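Okay, handing you the structure first.
What you see is a predicted model; the values in this text were computed from it and never measured. Order of the sequence lines sets the chain letters (A, B, ...), proteins ahead of strands, with each chain counted from 1.
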2 protein chains.
Amino acid sequence: MAVKSAGIRDVAQLAGVSVTTVSHVLNDTPNMRVSVETRARVRHAAKTLGYGPNRMAQALRTNRSGLIGLLSEEIATTPHAGRIILGAQNAAREHDLTLVIINTERDAGGTSHRDDVQALIDRQVDAVLYATMYHRSVSLPPNLQDLPAVLIDSTDRAGIVPAVVPDEVGGAVAAVTHLVEAGHTRIGFLNNDDDVPATHLRFAGYRQVLQAHDIPFDEDLVFSAPSETLPGYGLARELLGRSDRPTALFCYNDRMAMGAYRAATELGLEIPRDLSIVGFDNQELIAANLFPGLTTVALPHYEMGVWAVETLVHLLHGEAEYRLIADKPALLDCPLVIRGSVAQPRAN
Amino acid sequence: MAVKSAGIRDVAQLAGVSVTTVSHVLNDTPNMRVSVETRARVRHAAKTLGYGPNRMAQALRTNRSGLIGLLSEEIATTPHAGRIILGAQNAAREHDLTLVIINTERDAGGTSHRDDVQALIDRQVDAVLYATMYHRSVSLPPNLQDLPAVLIDSTDRAGIVPAVVPDEVGGAVAAVTHLVEAGHTRIGFLNNDDDVPATHLRFAGYRQVLQAHDIPFDEDLVFSAPSETLPGYGLARELLGRSDRPTALFCYNDRMAMGAYRAATELGLEIPRDLSIVGFDNQELIAANLFPGLTTVALPHYEMGVWAVETLVHLLHGEAEYRLIADKPALLDCPLVIRGSVAQPRAN
DNA sequence: ACGTTTTGCCAAAACGTCTTGGCATAGATA
DNA sequence: TATCTATGCCAAGACGTTTTGGCAAAACGT
């Protein structure tokens, strides 16, 4: 079945040179001394034999496996992880690296995470990507310091490892600005009640926009609850039932927005005529399938995957200073995705 | 940074034996001849040094990399791919194999898929998993025959490669039976209109249940449209607007079911009191977030990932005959996930 | 006591590549 | 012409394992 493929020796023989020369030519060894004709002959021979280097032998000799490990929480639960993988994979391929994936449990106690990292180290990965399911601050397993690493969607509590996270504030600013520019001034905010960065940062973005537009902040317009559909429904029900109800809602995430849709329907409010809504996360399955489509903010999962791999490559090539990058987490843009849930407020 | 770890030589030295002996002991080489005491000494030495074998050297020597490639379509688009990855990864880990993932484009023309397979071969994977995004029949790139392979969620048009797919008929039977057992006899079916296996098989399951329960098949209760929310809404609207409307709906997938929910709401039908609905796919984001939760059929993505890896392992160990397995695709169970969208039909 | 088997261990080769330190020849410099 | 430098190439060792074929010593059989 598996056909034994040509080795460097076969190429050497066909080209009539030594293996040394073949290696030099195919690797473009800096300041090698091989005549132009010989190079051509070698390249030709390699091509006709369909030669590809044996990665294992290469790895053994050079001590670089070309593998990079992606440690990802809960791959299954969310499409987000998928986009990270996709971005990382594409970037890796660009640099002739191979992505190996290990799933890890979110809140596994004890040495579980350390074991996962160790599993990757045992497999000779050159570096590791550590991706969490949502933006938060983590304390890292100690053995992660044994090799280059980059954090995705989380920051190192100790501030030692480079990290990339979404620009939550910017995303919230984009969302709320969109509402303000449509003419809204009474904008409710259905926030998450977990103590995670996103909670505070999206709220900060919300306030920032109000202030920039001289809209007074009204704390009666801000409610918090677990970031699920049902609590979102409950909150929206309450907020929209009031006589001085807001004309627009900014929701912590798309699931809460989904709940708000239901509340609006039940109260006889038509979206976006009577109520504008903006979500966060751009969960296609929800946002694109609601009626009307939910205008929301996209998280840059794909881009974070790419960024992380690119950064690793720089690190591995020694082109970048580890500490320098680790200093501040990189912020990636959260673009607004406009669908159909925002309109001008109805002239009373 | 990366600490150079102990090699087999260090272990040998510490234990006072030759590397040969160490290798034998640690690999449990069949009918090796090493005294019990020596084994203990070697094991102890290995442990104290924290020895782990260099996989690259191992791979080079044994010509087995321990890598298995997962070629997956459109990782990003769907959580389904995530569950396949998760299952495959867990099973791989169980067998001390490492999963490397390559994303491929769904309908990429030309030699694209062949190139993807080649990329994996070039990376010395021992075998490959080929996963498609939804159940269908494919023609495989020729170089996939150069090494063991298993198909996930698709079948080989040529019938050469082993495959595992969901038991669509069984799933549909479970869904419709659930409705029948709740007392429904007028059950509408909102089907997909693509010519893919699932379309025909789920329909077959639907008919099968009717027949088994002596319920006459009424073709006016079966509608087809693209399997999206909006078409689902349209179909449901039409079907439910009629005077002799069905008391229950079986939907091709959860998105169509989501559309049906909306139609029901607009027509003043309360789910499940006035209308029972069963979906297919168990897309958590939709099914768990609708009101009430959607009873639906789960696809065995995780299980297919596991099955595929297990099968590969058997193949690699030569414990199973390739042709034998390839003969018929394996069918995996599609269990019913009961939430809140089914009830007895209302006594008129 | 002598051959034979079994037990316990090891030396050395091999896997396919990269890399160091050469050695010739040709051209340049004196 | 004699020396020096640059050019073009190669032999051989190393990376860390596994595996083959052995060799002593101990155990066994007669």
Donor-acceptor contact below 3.5 Å, side chain B:Gln89 vs main chain A:Ile102:
no

Here the distance between atom C1' of C:dC15 and atom CD1 of A:Ile8, to the nearest Å, is 14 Å

On a heavy-atom basis, the closest approach of B:Ala88 and B:Leu99 is CB-CD2, 3.9 Å

Check: Just wondering, more than 12 heavy atoms not from A:Gln118 lying within 6.0 Å of its CD?
Finding: yes

Query raised in the report: Donor-acceptor pair, A:Arg114 side chain versus A:Pro142 backbone, under 3.5 Å?
Result: no

Rounded to whole Å, the CE-C1' distance (B:Met32 to C:dT6) equals 17 Å

Measure all distances between protein nitrogen or oxygen atoms and nitrogen or oxygen atoms of nucleotides 10-12 of chain C, and list the pairs falling under 3.5 Å.
unit_1, atom_1, unit_2, atom_2, d
C:dC10, OP2, B:Ser18, N, 2.6
C:dC10, OP2, B:Ser18, OG, 3.2
C:dC10, OP2, B:Thr21, OG1, 2.9
C:dA11, N7, B:Thr20, OG1, 3.3
C:dA11, N6, B:Thr20, OG1, 2.7
C:dA12, N6, B:Thr20, OG1, 3.4

Exercise. Look only at the side chain of B:Arg136 and the backbone of B:Ser154, and say whether a donor-acceptor pair between them is shorter than 3.5 Å.
Key: no

- Counting distance only, does the side-chain N/O of B:Asp156 pair as donor-acceptor with the main-chain N or O of B:Val161 below 3.5 Å? yes

- Message: On the nucleotide C:dT17, are OP1 or OP2 found under 4.0 Å from the side-chain N or O atoms that A:Ser23 carries?
- Response: no

Taking atom types as they are modelled, would you say the side chain of B:Arg33 forms a donor-acceptor pair with the base of D:dG21 within the 3.5 Å cutoff? no

Residues at least two apart in sequence or cross-chain that pass salt bridge (charged side-chain N to carboxylate O under 4.0 Å, His left out) with B:Asp115, listed by chain then number, are none

Between CG of B:Leu26 and P of D:dG16 the distance, given in whole Å, is 16 Å

> Does B:Asn27 use its side chain to pair, donor to acceptor, with the backbone of B:Ser23 at less than 3.5 Å?
Replying inline: yes

A:Arg9 atom CZ is separated from D:dC10 atom C1', nearest whole Å, by 15 Å

What verdict does the side-chain contact (heavy atoms from CB on, under 4.5 Å) test give for B:Val42 and B:Val17, after you've listed the backbone C-alpha separation in whole Å, the side-chain angles of each residue and the deciding distance to 0.1 Å?
CA-CA 8 Å; B:Val42 169; B:Val17 298; 3.9 Å; yes

Numerically ordered, the residues 52-69 of chain A set in heavy-atom contact under 4.0 Å with DNA chain D is A:Leu60, A:Arg61

Here the ring-ring contact (aromatic ring centres under 6.0 Å, His included) pairs for residues 78-100 of chain B, sequence neighbours left out, are B:His80-B:His301

Any side-chain to backbone donor/acceptor pair from B:Thr38 onto B:Val34? Under 3.5 Å, distance only. no

Per-residue pairing states of DNA chain D in dot-bracket (Watson-Crick or G-U under 3.5 Å; . unpaired, | other strand) read ||||||||||||||||||||||||||||||

The correct set of residues in residues 34-51 of chain B placing a heavy atom under 4.0 Å from DNA chain C is B:Val34, B:Ser35, B:Thr38

*Determine yes or no for a side-chain-to-main-chain donor-acceptor pair under 3.5 angstrom, with B:Arg64 supplying the side chain and B:Ala59 the backbone.*
no

If we ignore hydrogens and angles and just use 3.5 Å, is the side chain of A:Glu73 paired with the main-chain N or O of A:Met133 as donor and acceptor? yes

